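What you see below is based on every heavy atom in this structure, not just the backbone, and it leaves out hydrogens, waters and symmetry mates. Sequence lines set the chain letters: A, B, ... in the order given, protein chains first and strands last, and positions in each chain run from 1. These numbers were taken from a predicted model, which means no experiment stands behind them.
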Amino acid sequence: DQQVKQNSPSLSVQEGRISILNCDYTNSMFDYFLWYKKYPAEGPTFLISISSIKDKNEDGRFTVFLNKSAKHLSLHIVPSQPGDSAVYFCAAKRGAQKLVFGQGTRLTINP
Amino acid sequence: KAGVTQTPRYLIKTRGQQVTLSCSPISGHRSVSWYQQTPGQGLQFLFEYFSETQRNKGNFPGRFSGRQFSNSRSEMNVSTLELGDSALYLCASSMTVAGTEAFFGQGTRLTVV
């Protein structure tokens, strides 16, 4: 039962344009959502998060949007830079329960 | 402040053997979680330990087990290895149980032949 889904395994974006990564979830009890970024041969690093009481959180070039009615969140990166090329994982949790991760989306920024 | 340290980084084992992986969390962090990453499956949760007690458990067979020591270091053991156990095993630490921000180690790449 995949409670968190990232339906796009890969995404290619031109440098300077906006990258939009999407994530859907099925459990309406999730109350906290996170995005992680992973480079090859490294562990995932925390990028940005959002509580279910908000619908938007912004940190520099990164913005996460949460649409609770659609059970959908997205990560916007603008402008995209070559160093943003990585695998991005969305994750969700409910209270003190475990983090549930999506399958990941490989983002490639083209010069 | 040192990050999460996992040892060894790489491991090759034969089917049927057992393996033990180690994770040292960030100083002051008391929660350690283990994940298995395979291509196309994302990060699958194995278990979480807090104060030497297992607090959360994923849907893995009993061949996968873990423990946490009083200094918060954790070990994960896989017995009777199968080819399908080949994966990147990641450990994450946080200050509290299922902390809102988990810090990951670089992982241990296990290959079963």
Q.
Can you tell me if B:Arg9 has over 12 outside heavy atoms packed within less than 6.0 Å of its CZ?
A. yes
Q | Closest non-hydrogen atom pair, B:Leu90 against A:Pro44 | A | CD1-CD, 3.8 Å
Q. What do you reckon, is CD1 of B:Ile12 surrounded by more than 12 foreign heavy atoms closer than 6.0 Å?
A. no
Q) Just how far is it from atom CZ of B:Arg55 to atom CD of A:Gln97, taken to the nearest 0.5 Å? A) 13.5 Å
Q) Where does B:Arg109 contact chain A at under 4.5 Å (heavy atoms): side chain, backbone, both or neither? A) neither
Q: Would you check if the distance from the ring center of A:Phe101 to the ring center of B:Tyr35 is below 6.0 Å?
A: yes
Q: Determine whether A:Ile20 and A:Tyr36 fall in the same hydrophobic cluster, where Ile, Leu, Val, Met, Phe, Trp and Tyr are linked whenever their side-chain heavy atoms lie under 4.5 Å apart.
A: no
Q: Check whether any side-chain heavy atom of A:Gln103 sits under 4.5 Å from a side-chain heavy atom of B:Thr38, and report yes or no.
A: no
Q. Should the heavy atoms of other residues, nucleotides or ligands under 6.0 Å from CG of B:Asn59 be counted, would the total exceed 12?
A. no
(Q) For A:Arg17, is the CZ atom crowded, meaning more than 12 foreign heavy atoms sit under 6.0 Å from it? (A) no
Q) Is the number of heavy atoms from other residues, nucleotides or ligands within 6.0 Å of CZ (B:Arg15) greater than 12? A) no
Q. Heavy atoms, side chains only, cut-off 4.5 Å: are B:Leu43 and A:Phe89 in contact?
A. yes
Q | Stepwise side chain to side chain contact (heavy atoms under 4.5 Å, CB included) test for B:Gln37 and A:Lys38 | A | CA-CA 12 Å; B:Gln37 185 190 2; A:Lys38 185 180 185 300; 3.1 Å; yes
Q: Inspect the surroundings of NZ in B:Lys13 and state if more than 12 heavy atoms from other residues, nucleotides or ligands are less than 6.0 Å away.
A: yes
Q | B:Phe103 versus chain A, the contacting section by heavy-atom distance below 4.5 Å | A | neither
Q. For the residue pair B:Phe104 and A:Phe46, is the inter-centroid distance of their aromatic rings smaller than 6.0 Å?
A. no
